[in-house]
Amino acid sequence: MKDSLKKLIIESLKDDLEVSELLDLVEVQQSTTKHIKADYFSNIAMKLAKKLNKDPIDIADKIVAKLQSSEGLICEVAQPGYINFLIEESQKNHIIIDILDSEDLLTICKTKKPKKINVEFISANPTGPLHVGHGRGAIYGNIIAKFLQIQGHNVVKEYYVNDFGNQIKKLLESIFLCINDNQYKSDDLYQGDYIKTIATDVEKKFGKNFNKDTKKIKKYVLEKIMRLIQIPLKGLNIVFDNWFYETSLFENNLVINIINKLNESNQTVESEGAIMLKADEPRVLIKSNGEYTYFATDLAYHVQKMKNFDTVINIWGADHHGYTPRIKAGLKILGYDVKNLDIHLIQFANLYRRGKKISMSTRKGDFVELETLRKEIGNDAMNFFYLTKNKDQHLDFDLDVAVKENKNNPVYYIQYAHARIEKILNKIDGLNNYKFNPNALNHQNEKDIISQLNNFNEICKNSIIKLQPHIMANYLHKLAQDFHSYYANVKFLTEKIDYNKIYLVKAVQKVLKCGLDLLNIKAPKEM
RNA sequence: GCGCACGUAGCUCAGUUGGAUAGAGCACGAGCCUUCUAAGCUUGGGGUCGGGGGUUCGAAUCCUCCCGUGCGCGCCA
């Protein structure tokens with residue numbers, strides 16, 4: 001609808017030599033102001049006025065004069081130069097048939113150039129179970145991968161397992177101490193209850209005095225931890241295609257290869273026994289004790305991804321933002337186009353319980369497990385809660401409210417709309433014998449809903465293509481709201497059923513279902 | 001101190017490339033079930049969009065300064 005109006009305007013301006021170069025300024029927007037009687041409007045006259053040094057009203061009048069002949073379209077000029085469009089009801093109402101006939105409501109999102117895309121998310125260190133601090137990134141990353149798949153891309157969901165380096169050493173040390181010294185306490189080591197559980201198992205299998213450095217022990221413990229990590233993921237239906245182990249980089253000599261290449265690039269310097277890369281600023285690759293830094297292995301990891309994929313997406317907590325320039329600088333030196341590396345920074349979600357902020361430290365064992373939260377409030381509420389907010393927004397999550405609202409959560413509002421429609425449709429034989437009359441729906445509630453339905457494609461573009469799930473979440477809420485209002489005002493199952501209304505709610509249900517599916521939220525048939 | 005974000009109703013958050021009179025949920029006040037599910041509807045109060053300045057026909061949105069909050073500034077990962 002919007003695009004066709006845009007085309008009309010461009011068409012009307014094309015002959016004018018003065019503006020023919022300015023046609024990309026043309027835009028049409030949906031009218032949202034209640035007191036203005038218009039479906040869409042354009043501000044092109046005001047934009048051109050400046051460039052041409054003319055009165056915007058005159059320009060608008062000219063455009064409107066040319067557009068007047070279009071069928072089913074009423075154009076008006078308003079101060080200080082808006083062009084308002086009113087579309088005939090029957091034309092707008094046709095969206096109902098479009099939706100019901102459509103085999104896939106999301107075809108508009110399909111890309112013409114499918115790419116191989118790697119989406120890496122969560123990637124929490126394998127030193128403990130996932131806690132609530134990982135929830136936002138988990139749900140966001142999963143949905144981003146899904147949106148890309150819907151666009152038609154070939155997506156690999158990946159979890160990077162940091163099974164190399166100090167943290168793992170400390171984990172093993174913690175377990176060792178837990179077995180041999182019940183009273184151990186150290187700010188530097190891990191102390192959660194899960195350590196005790198694993199320690200018990202380790203002791204059973206390996207005895208008290210095992211050698212912490214053997215591969216066997218490490219593998220055993222790592223498997224235990226990875227199993228813990230997968231519990232909430234299974235619960236949330238988050239499935240990874242690939243678990244990339246940091247140690248595999250060494251087994252394949254990938255790190256040393258990268259270091260060699262960097263050395264050849266003349267972008268490395270030696271300083272106090274360490275090798276540094278001239279990245280955004282000098283960054284250590286090899287410590288003076290000969291160990292690789294996280295940066296060095298991470299570069300090798302990213303090179304792997306850049307080689308094998310057209311686009312590489314990292315979903316990172318916002319606390320990693322300072323690391324971005326470094327990794328990009330490194331990849332640039334290695335000859336990769338960092339335009340293909342897309343880093344999504346997710347702001348922290350603070351968690352409160354009884355008005356107090358909950359600290360989330362795996363090491364101190366002071367955290368609420370993601371699985372605990374999931375069980376308390378349920379998948380649907382959890383998905384909706386995280387997906388309804390912009391990733392750039394810091395947000396506060398009050399556990400008490402979340403649990404209290406379990407029965408009263410906004411997500412149920414949307415699901416309830418879906419279930420209510422289902423109940424109506426169940427009592428109808430079907431629509432095959434009734435032809436939809438596009439002129440029949442004139443109730444204000446009906447107009448509101450139809451306007452929302454006409455919006456759906458635009459919402460899909462903004463949400464799915466631009467990877468902004470919260471736009472879809474908020475749209476669904478608005479659509480549900482319009483429906484509930486309608487439902488309260490209108491009786492469907494009367495003696496003489498108006499099947500046009502049934503067409504309408506059926507289309508609404510189809511859109512709700514589509515949207516809820518998108519966000520990994522169930523669309524129940526009854527509640 | 002430097003860097004990256006954020007600041008919208010009492011609370012939690014929307015606000016689509018700058019558009020016309022600022023939005024929702026929760027909370028609070030008042031109504032609505034003899035009727036398709038009241039997990040619902042209707043209605044009221046509640047705002048200097050952190051503050052100043054600037055750009056523009058037009059700013060919550062862009063620029064700048066200030067204030068506030070979060071995060072980051074390791075030979076940690």
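Note that the structure is predicted; figures quoted are calculated from it, not measured. The analysis underlying the following values was restricted to heavy atoms, covering all of them including side chains, and did not include hydrogens, waters or symmetry mates.
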Quick one: ring-ring contact (aromatic ring centres under 6.0 Å, His included) pairs with a partner in residues 31-64 of chain A, sequence neighbours left out?
A:Phe41-A:Tyr82
Whole-Å gap separating C1' (B:C75) and OH (A:Tyr294)
16 Å
Sequence neighbours left out, what passes side-chain contact (heavy atoms from CB on, under 4.5 Å) with A:Pro282? Give chain and number order.
A:Met276
When rounded to whole Å, the CZ to P distance for the pair A:Phe384 and B:C26 reads 12 Å
Neighbours of RNA chain B within residues 313-321 of chain A, by heavy-atom distance under 4.0 Å
A:Ala318, A:Asp319, A:His320, A:His321
So, OP1 or OP2 of B:C26: does either fall under 4.0 Å of a side-chain N or O from A:Tyr413?
no
Of all residues at least two apart in sequence or in a different chain, which pass the salt bridge (Lys or Arg N to Asp or Glu O under 4.0 Å) check with A:Glu27?
A:Lys47
So, the side chain of A:Lys423 versus the backbone of A:Lys525: is there a donor-acceptor pair under 3.5 Å, distance only?
no
May I ask you to decide if A:Tyr294's main-chain N or O and A:Thr297's side chain share a donor-acceptor pair within less than 3.5 Å?
yes
Are there any protein N/O atoms within less than 3.5 Å of an N/O atom in nucleotides 29-35 of chain B, and if so, which ones and at what distance?
from, atom 1, to, atom 2, distance (Å)
B:U35, O2', A:Lys491, NZ, 2.8

Just checking A:Phe397 against A:Tyr352, ring centres under 6.0 Å apart?
no
So, applying ring-ring contact (aromatic ring centres under 6.0 Å, His included) with A:Trp316, which one of A:Tyr323, A:Phe348, A:Tyr160, A:Tyr140 is it?
A:Tyr323
Under 3.5 Å, N/O pairs linking protein and nucleotides 19-23 of chain B:
from, atom 1, to, atom 2, distance (Å)
B:G19, O2', A:Tyr82, OH, 2.9
B:G19, N7, A:Asn43, ND2, 2.7
B:G19, N3, A:Tyr82, OH, 3.0
B:A20, O2', A:His35, NE2, 2.7
B:A20, N6, A:Asn84, OD1, 2.5
B:A20, N1, A:Asn84, OD1, 3.4
B:A20, N1, A:Asn84, ND2, 3.3

Please name all residues satisfying side-chain contact (heavy atoms from CB on, under 4.5 Å) with A:Val490, sequence neighbours left out, ordered by chain then number.
A:His443, A:Tyr486, A:Phe492, A:Lys501
Tell me which pairs pass ring-ring contact (aromatic ring centres under 6.0 Å, His included) where either residue lies in residues 457-477 of chain A, with sequence neighbours left out.
A:Tyr413-A:His477, A:Phe456-A:Tyr475
Under 4.0 Å between a side-chain N or O of A:Lys389 and OP1 or OP2 of B:A14?
no
Under 4.0 angstrom, heavy atoms only, what part of the nucleic acid is A:Asn350 near: base, sugar-phosphate, or nothing?
nothing
Among residues at least two apart in sequence or on other chains, which ones pass side-chain contact (heavy atoms from CB on, under 4.5 Å) with A:Lys332?
none
Would you please name every residue forming a side-chain contact (heavy atoms from CB on, under 4.5 Å) with A:Gln167, sequence neighbours left out?
A:Asn125, A:Thr127, A:Lys170, A:Tyr190, A:Arg363
Which residues in residues 120-133 of chain A have at least one heavy atom lying under 4.0 Å from any atom of RNA chain B?
A:Asn125
Verify whether the ring centers belonging to A:Phe121 and A:Phe240 lie closer than 6.0 Å.
yes
What integer distance in Å separates A:His344:NE2 from B:A5:P?
15 Å
Could you work out, with salt bridge (Lys or Arg N to Asp or Glu O under 4.0 Å) as the rule, every residue matching A:Lys478, not counting sequence neighbours?
A:Asp482
